[in-house]
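Step one of this worksheet: look at the structure below.
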Amino acid sequence: MSQPSDGPDDPGAHPSVWVAQAERELGTSELLEWCTDLLAGADPLTSPHPLAWIGGTPGAALPGNLTGPRGAMFECWSRVWAARAMRYCWAEGRPAAEGAAMALVGALTDPHWRVREMAAKVVGLREVGAGADRLAALLDDGVPRVRAAAATSLGAVGEHEHLGRLADVTRSDPDCAVRAAAARARTAIADRVDLPSDEY
């Protein structure tokens, strides 16, 4: 493999474009392991690769330190970008994917809502079943976007025991988008476990 470049050819392109180029230049396992470390809380200032690979133009604007409001936000965004990169880069069955899955589940309890939201989305997309109970807990999150993402992903990884909680959300969540996501998730779970419609 040739020496990786300093970042994507077009940092203004769609994230999938940056990540695809990063995967070609770094290799799937290395990219996933790097993102796993970031998602688990590694200091982005000591990142072995340019953050533009996963953050594009904003990722190239790394501040000199992570103190103060700007630094704190950048540190949060590095975790969001790491989780988002896992939407486009995965390696089912490889150790790198197993580590990434564990980091995603851990990120469901991240202190920043944007990280929880993105992790919830990717847990569902990558069908990380180990995250089902934590997704169910996120149905009580204070941010509607997090609750909606959690409900949607429960549709992909939830089981029969999660139907009751989703039913509660369908009836009582104050946000209509969350209620709709929960209703769709209940249908998805029932279809997946082959449950008759009159039983859910």
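This is a predicted model, so every value here is computed, not measured.
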>> Quick check: do Ile189 and Leu166 have side-chain heavy atoms less than 4.5 Å from each other?
In response: yes

> Just wondering, do Arg171 and Arg179 contact through their side chains at under 4.5 Å, heavy atoms?
Replying inline: no

> Using a distance-only test with no angle check, is there a side-chain donor-acceptor pair under 3.5 angstrom linking His49 and Ser47?
Replying inline: no

> Just how far is it from atom CZ of Arg114 to atom CZ of Arg84, taken to the nearest 0.5 Å?
Replying inline: 11.5 Å

> Between atom OG of Ser78 and atom CG of Asp37, what is the distance when rounded to the nearest 0.5 Å?
Replying inline: 11.5 Å

> What distance separates Thr46 OG1 from Asp43 CG, expressed to the nearest 0.5 Å?
Replying inline: 4.5 Å

>> Testing Arg134, Arg116, Arg147 one by one against Asp141 for a salt bridge (charged side-chain N to carboxylate O under 4.0 Å, His left out), which residue passes?
In response: Arg116

>> Looking at every non-hydrogen atom in both residues, tell me the closest pair between Leu104 and Ala83 and how far apart they are.
In response: CD2-CB, 4.2 Å

> Do NZ/NE/NH1/NH2 and the carboxylate oxygens of Asp110 and Arg79 come within less than 4.0 Å?
Replying inline: yes

>> Tell me the closest heavy-atom pair linking Gly155 and Arg192, and the distance in Å.
In response: O-NH2, 3.0 Å

> Of the non-hydrogen atoms in Pro44 and Leu51, which two are nearest, and what is the gap between them?
Replying inline: CB-CD1, 3.7 Å

> Looking only at heavy atoms, what is the nearest atom pair of Leu31 and Cys89, with distance?
Replying inline: CD2-SG, 3.7 Å

> Is the shortest heavy-atom distance from the side chain of Asp173 to the side chain of Leu139 under 4.5 Å?
Replying inline: no

> Roughly how far apart are Asp133 CG and His162 NE2, rounded to 0.5 Å?
Replying inline: 4.0 Å

> Looking at Lys121 and Glu117, does any basic side-chain N land under 4.0 Å from a carboxylate oxygen?
Replying inline: yes

>> If you define the side chain from C-beta out and look only at heavy atoms, does anything of Pro58 sit under 4.5 Å from Trp81?
In response: yes

> Is there side-chain contact between Pro15 and Ile54, with heavy atoms separated by less than 4.5 Å?
Replying inline: no

> Does Trp90 have any ring pair (Phe, Tyr, Trp, His ring centres under 6.0 Å) partners at least two apart in sequence or in another chain, and if so, which?
Replying inline: none

> Looking only at heavy atoms, what is the nearest atom pair of Ala120 and Ser153, with distance?
Replying inline: O-OG, 2.6 Å

>> What I'd like to find out is whether the side chain of Leu125 reaches to under 4.5 Å of the side chain of Met86, using heavy atoms alone.
In response: no

> Can you tell me how far the CG atom of Leu39 sits from the CG atom of Leu32, to the nearest 0.5 Å?
Replying inline: 11.0 Å

> Is there a side-chain contact between His112 and Val115, using heavy atoms and a 4.5 Å cut-off?
Replying inline: yes

> Taking it one step at a time, do Gln21 and Asp10 satisfy side chain to side chain contact (heavy atoms under 4.5 Å, CB included)?
Replying inline: CA-CA 10 Å; Gln21 185 181 354; Asp10 181 4; over 6 Å; no

> In chain order, what residues pass the side-chain hydrogen bond (donor to acceptor under 3.5 Å, both in side chains) check against Arg165, with sequence neighbours excluded?
Replying inline: Asp140

> Does Val17 reach the side chain of Tyr88, with side-chain heavy atoms less than 4.5 Å apart?
Replying inline: no

> Are Leu138 and Met102 joined in one hydrophobic group, where the rule is that I, L, V, M, F, W and Y side chains link up if heavy atoms are under 4.5 Å apart?
Replying inline: no

>> Quick check: closest heavy atoms across Trp53 and Trp18, and the distance to 0.1 Å?
In response: O-CB, 3.2 Å

>> Main chain of Gly106, side chain of Thr109: is a donor-acceptor contact present, judged purely on distance under 3.5 Å?
In response: yes

